[in-house]
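Below: one structure, written as structure tokens.
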Amino acid sequence: MSAARVPRGGLLGPAVLLLLLRLCCSLSVPRIASYFGTKTRYEEANPARSAHGSVLRPPAGERCSPVHLTAVIRHGSRYPTAKNIRRIHRLTELVRREAGGAAARLQELHSRWEMWYTEDMDGQLVEKGRDDLRQLARRLSVLFPSLLSEENLRTGRLSVKSSSKHRCVSSAEAFQEGLLQGGAGTQAFQEGLRQARGGAGAEAEYIHEVDDELMRFFERCRGYVEGVENNRTALMEVEKFKHGEEMEGVRRRVAERLGLPPQRLTPDLLEAAFFLCSYELSIKSVHSPWCFLFDEDDAKVLEYQSDLKQYWKRSHGHVITGLSSCPLFHHVFRTLDKAGRPRRSTDALPEPASILIGHAETLLPLLSLLGLYKDKTPPTAANYNSQHGRSFRTSRIVPYAANLLLVLYDCQRGPRLQMLINESPVRFPGLKEDAPLYREVRATYRHLLDGCDFYRECEGRPSRGPNTEL
Ligand SMILES: *[C@@H]1O[C@H](CO)[C@@H](O)[C@H](O)[C@H]1NC(C)=O
């Protein structure tokens, strides 16, 4: 550090100015940034992001220590998928050729913004997304030093499972990088692994096991794919809202800001412009000129449209959606059962942590199955105005790097379980403590623990016999 000291004044002046300029202009976050639905950054959903012991809430009067952590985590920030990149192309062509508004920000769009997305980026994890996972791992290792330690990782005691998608596998790697003490880089990490695994000859590798049956159950459940995903009637509310009065209003206002006839800006292109603002922020941390097209009320309407889509496609809208996550549900509870079993002092210690990396499409059905974020009145195309206080807001629930944490404690009266979502405590439906006894949680989900048969629900026939995996 000291060797690179620069004399005061002189050289330092312009450098500092440049730095300040960078800081000011790249850190300014658009007002609409907390309405991006599943394209919201984690920092908007959870602004505190400090590893604070106060979120861990075993009962005060009882001696408890954490013995296991199961974490279901969504991949971090990513590039748009190829389909969205094609839409962005169509939007930018339209704006380049036809937009004639006079607003200064529109001029900036014309003169300073260049299309830089290419189809080969197709949904891959970006550097910011790697950082999302590294930082999350670091905070969790501060919260659970005995569970998520570098030592436990190096000695192969952690289980890491991932969806086969590139962005998830990369996220699984970044999470492991983050578990390094002091945040050493990838090279030091790989060297450490190489040594732990038997010296120079051994391949340096991250630990992960691809498991799409667990992490991409949604595409394997026929009842879900046919009954919901590919069924226009099942997603009718979304279609209605897309062409309804609120969305038409947004379309008119945005077209006007662009100086375009409203009919030229189709609902798909309107959505592409909104996503473009979100991508520029979540990928490059910049306040893009595309953001000026939307005010906060427009953003709320667009957020509602994507919440409607997630609700009817990935959540409580249809019971089969939650049930399609039965394999993951059973896997999680089997892991917790094992970790909470009484042990003699001579028994091997339980697995300290199970890390499961997937998608928003993985988390939402599981959270629905657990009975979370279920408002009394379902969101529909007709009740936008009465839904402002809804709990089902995907911007809060499934931003990039969203996580469901289940912490099992060893306590005097028996094992207890606490749930956190995006690092904030959340209670199990119907239970009054932050960390109820594990057997009370099991009682709450008895009907699912005894049933929730993937084959019966998804294929309409029972599985090949009793569940004998334990
Ligand atoms: C499509 O969805 C509707 C409404 O949820 C439902 O009644 C219908 O049975 C579904 N169609 C198929 C093929 O599953």
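Atoms within each ligand, like the ligands themselves, are counted from 1 in listed order. Treat the numbers as computed from the prediction; the structure is a model and nothing was measured. Numbers here are sequence positions counted from 1.
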Checklist line | Any non-hydrogen protein atom less than 4.0 Å away from atom 9 (O) of ligand 1 | finding: no

Margin query: Among all protein heavy atoms in this structure, tell me which lies nearest to atom 13 (C) of ligand 1, with the distance rounded to 0.1 Å.
Written below: Glu226 O, 4.1 Å

Note to self: Return the closest protein heavy atom for atom 5 (O) of ligand 1 as residue, atom name and distance.
What the structure shows: His318 CE1, 3.5 Å

Checklist line | Carboxylate-amine/guanidinium contact Arg396 Glu303, below 4.0 Å | finding: no

Note to self: Salt bridge or not between Arg257 and Asp298? Use side-chain N to carboxylate O under 4.0 Å.
What the structure shows: yes

Next item on the list: Would you check whether Asn231 has a nitrogen or oxygen atom less than 3.5 angstrom from a nitrogen or oxygen atom of ligand 1?
Entry: yes

Check: For ligand 1, which part of Met236 has a heavy atom less than 4.0 Å away: the side chain, the backbone, both, or neither?
Finding: neither

Next item on the list: Any chance you could lay out the ring pair (Phe, Tyr, Trp, His ring centres under 6.0 Å) test for Phe217 and Phe454, step after step, and finish with the verdict?
Entry: CA-CA 9 Å; Phe217 51 77; Phe454 182 79; 7.9 Å; no

Item checked: Phe333 six-ring centre to Arg442 NZ/CZ under 6.0 Å and within 45° of normal -> no

Note to self: Within ligand 1, which atoms have a heavy atom of Gly227 less than 4.0 Å away?
What the structure shows: 1 (C), 2 (O), 14 (O)

Item checked: Side-chain H-bond candidate by donor/acceptor type, Thr118 with Asp120, under 3.5 Å -> yes

